[in-house]
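Everything on this sheet refers to the single structure shown next.
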Number of protein chains: 2
Amino acid sequence: MPTVSSEELAAAAGVNSAKLRKDFSYLGSYGTRGVGYDVEYLVYQISRELGLTQDWPVVIVGIGNLGAALANYGGFSARGFRVAALIDADPAMAGRPVAGMPVQHTDDLEKIISENGVSIGVIATPAGAAQQVSERLIAAGVTSILNFAPTVLSVPDGVDVRKVDLSIELQILAFHEQRKAGEEAAAAGSAPAPSAPSGDGGVADAPGGAGAAPVAAVEPPAGRAAAALRKNGPEGEVPAVMPA
Amino acid sequence: MPTVSSEELAAAAGVNSAKLRKDFSYLGSYGTRGVGYDVEYLVYQISRELGLTQDWPVVIVGIGNLGAALANYGGFSARGFRVAALIDADPAMAGRPVAGMPVQHTDDLEKIISENGVSIGVIATPAGAAQQVSERLIAAGVTSILNFAPTVLSVPDGVDVRKVDLSIELQILAFHEQRKAGEEAAAAGSAPAPSAPSGDGGVADAPGGAGAAPVAAVEPPAGRAAAALRKNGPEGEVPAVMPA
DNA sequence: ATGTCTTTGTGAACGCGTGCACAAAGATTG
DNA sequence: CAATCTTTGTGCACGCGTTCACAAAGACAT
Ligand SMILES: NC(=O)c1ccc[n+]([C@@H]2O[C@H](COP(=O)([O-])OP(=O)(O)OC[C@H]3O[C@@H](n4cnc5c(N)ncnc54)[C@H](O)[C@@H]3O)[C@@H](O)[C@H]2O)c1
Ligand SMILES: NC(=O)c1ccc[n+]([C@@H]2O[C@H](COP(=O)([O-])OP(=O)(O)OC[C@H]3O[C@@H](n4cnc5c(N)ncnc54)[C@H](O)[C@@H]3O)[C@@H](O)[C@H]2O)c1
């Protein structure tokens, strides 16, 4: 397939073809009217614009469950990323091979970063260590961080941080799941719509109705802040679940 | 700290206080003017709206590097998610304990889903198996999927899919990283601005200038599609890096 | 060479989230 | 009880990304 049309690409990606064309137009006019885009050329141009034609050395800090899995993952090198070093604070880990590469101690972090010209770091340490690790990475020259620890890192201007929080991903799914269940219940019975703008009621009040509805884990007990509660919602107050 | 103002919360979260108040207002009027929000009550209301007051059983399919790490991760239960089962297609894995729980074979997938009332599934299988696994999950009653495999799942309406693609996260960082390097180079020398809207040139043309700039991994050779290339860009065509 | 047909590139309109600014609410003080 | 002060809740305007719609470009057939 030497060429593709914006329509074909858009269908494959599940987006609007106009949006796709406009996006491409920011990279220049690489298409041929009446024909489409030369696949090979387009791929190269996008790769180049995204920086994928370069080799990016990355370090992974925190070689535990997740860090080890990342180190073993082959998908990174396929996109031009090279794991330059694995770093852990545990002396017992030092020298031990993970994914065919010896784990190095945090003491050498700065040296490793500068010697390999690393500008992208991956943090897979416990949450408590993440901020400190990020500071050392940044001081050593790292300017982009992929953070798996469930903490908001505070970093200076010019440093990019992307946070991957798997719990939040699940929470988002659960939110929509709950809403689906609420809609089903509303459609079946006569319960009020569970949509957000409605004051309250719905969903949590009668969740048992829908198909695979989970059991209530936290029932609202009558608690201390009861005074404030009675005022607004019929719901009881509760031993909060949210803070992790 | 019994109460918080929207201003305090906004500062902590790094967002605009008006946005925060408006968001909260969709949940109802839970604040007290002149005082702020009752922390305990607010946390409960948000938890409830997000579905965190319920217990959500989830299954993890594909207990390899990543799946095992997920199974061992304690952060899920802290947010109301319970790993109901670990499922893998490898007969050698069946019965083997991972994170204190026996891995079960894919043959029993449907039974596991229905018996536990699971509506959220996590896919950590190789990319090639993901679509098929998703179809089985959905047929068994799952309506929300967290997908770690680098594939676009095609699912029926009513099913939510969230995709976590770590390579893309790194690509995004690399993109900004490259842009930073380009800006530095432009500031130092006299190179044109490397911003996207500019036709081309910049960044990839002279990446060697900035601090920790990586070495070029893929240089554009003179190739077959040369005809098409010469027309638009000064760049050569290339053995594409992007497709993984 | 002329005409037709396909597909790009983009101006313009639309919709939505964000942020401003302020009236209203309620607490607190005199 | 009145005055003052703090902070919420929200109408409104702005800006940006998305989508529509179409003229222009180019391939291909006649
Ligand atoms: N495992 C998962 O699936 C998963 C999912 C989501 C989020 N996370 C998060 O990722 C992080 C790691 O998770 P995990 O399961 O791999 O934990 P883990 O305890 O298995 O691994 C943590 C590793 O970090 C090392 N470490 C601790 N302090 C360090 C420091 N200051 N510098 C360098 N290394 C240090 C430890 O020695 C250990 O090897 C945690 O923050 C966790 O919340 C994990
Ligand atoms: N390891 C990582 O850090 C990482 C990072 C990003 C993405 N991913 C993606 O996550 C997925 C898993 O990665 P991994 O490193 O754990 O791979 P892995 O090969 O270690 O594990 C895959 C597991 O899935 C099982 N499996 C295969 N086909 C199956 C099927 N049809 N049904 C059920 N189980 C099946 C295999 O038996 C194996 O245990 C891959 O798609 C990978 O691209 C992994």
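In what follows, chains are A, B, ... by sequence order, proteins preceding strands, each numbered from 1.
- When rounded to the nearest whole Å, the span between CZ of B:Phe24 and P of C:dG17 equals 18 Å.
- Between the P atom of D:dT8 and the OH atom of B:Tyr41 lies a distance of 16 Å, rounded to the nearest Å.
- Judged by atom type and distance alone, A:Arg33 reaches the base of C:dT8 through a side-chain donor-acceptor pair under 3.5 Å.
- Residues forming a side chain to side chain contact (heavy atoms under 4.5 Å, CB included) with B:Arg162 (at least two apart in sequence, or on another chain): A:Glu169, A:Ile172, A:Leu173, B:Leu146.
- Residue A:Tyr37 contributes atom OH, which lies 13 Å from atom C1' of D:dA25 at whole-angstrom precision.
- Between the P atom of C:dT7 and the CG atom of A:Leu9 lies a distance of 12 Å, rounded to the nearest Å.
- Under the rule for a side chain to side chain donor-acceptor pair (under 3.5 Å), the partners of B:Thr143 that lie at least two apart in sequence or sit in another chain are A:Glu177.
- Partners of A:Ser167 by side chain to side chain contact (heavy atoms under 4.5 Å, CB included), not counting sequence neighbours, listed by chain and number: A:Asp165, B:Tyr73, B:Phe76, B:Arg79.
- For the atom pair CG (A:Leu153) and CG (A:Asn147), the distance works out to 4.0 Å, reported to the nearest 0.5 Å.
- A:Ser5 has no side-chain polar atom (N or O) that falls below the 4.0 Å cut-off from OP1 or OP2 of C:dT7.
- Both B:Glu7 and A:Val15 lie close to DNA chain D; mapped to their nearest nucleotides by heavy-atom distance, the more 5′-ward contact belongs to B:Glu7.
- Partners of B:Glu8 according to the side chain to side chain donor-acceptor pair (under 3.5 Å) rule, which considers only residues two or more places apart in sequence or in another chain, are B:Ser5.
- Atom CG in B:Asp160 sits 11.0 Å away from atom OG in B:Ser119 (nearest 0.5 Å).
- In this structure, the ring-ring contact (aromatic ring centres under 6.0 Å, His included) partners of A:Tyr37, at least two apart in sequence or on a different chain, are A:Phe24.
- Remark: P of D:dT7 and CG of B:Leu20 are 14 Å apart, rounded to the nearest angstrom.
- With DNA chain C read from its 5' end, the first of the two nearest nucleotides for B:Arg21 and A:Arg21 is the one closest to A:Arg21.
- Look at B:Ser6 and you won't find any side-chain N or O under 4.0 angstrom from OP1 or OP2 of D:dT7.
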Under 3.5 Å, sequence neighbours excluded: what are the donor-acceptor pairs made by side chains of residues 121-128 of chain B?
none

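- Looking at residues two or more places apart in sequence or on another chain, you find no side chain to side chain donor-acceptor pair (under 3.5 Å) involving A:Arg33.
- Computed from C1' positions of five pairs at each end, the angle between the two local axes of the helix from C:dA1-D:dT30 to C:dG30-D:dC1 equals 0°, rounded to 10 degrees.
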Kindly give the atom pairs (protein nitrogen or oxygen, nucleotide nitrogen or oxygen) under 3.5 Å for nucleotides 14-18 of chain D.
| from | atom 1 | to | atom 2 | distance (Å) |
| --- | --- | --- | --- | --- |
| D:dT18 | OP1 | A:Lys19 | NZ | 3.3 |
| D:dT18 | OP2 | A:Lys19 | NZ | 3.0 |

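- Every residue two or more places apart in sequence or in another chain that forms a side chain to side chain contact (heavy atoms under 4.5 Å, CB included) with B:Val58 is listed here: B:Phe81, B:Val83, B:Ile120.
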Give me the distances for all protein-to-nucleotides 28-30 of chain C N/O pairs that come in under 3.5 Å?
none

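- Applying the side chain to side chain contact (heavy atoms under 4.5 Å, CB included) test to B:Ser154 and every residue at least two apart in sequence or in another chain returns B:Gln131.
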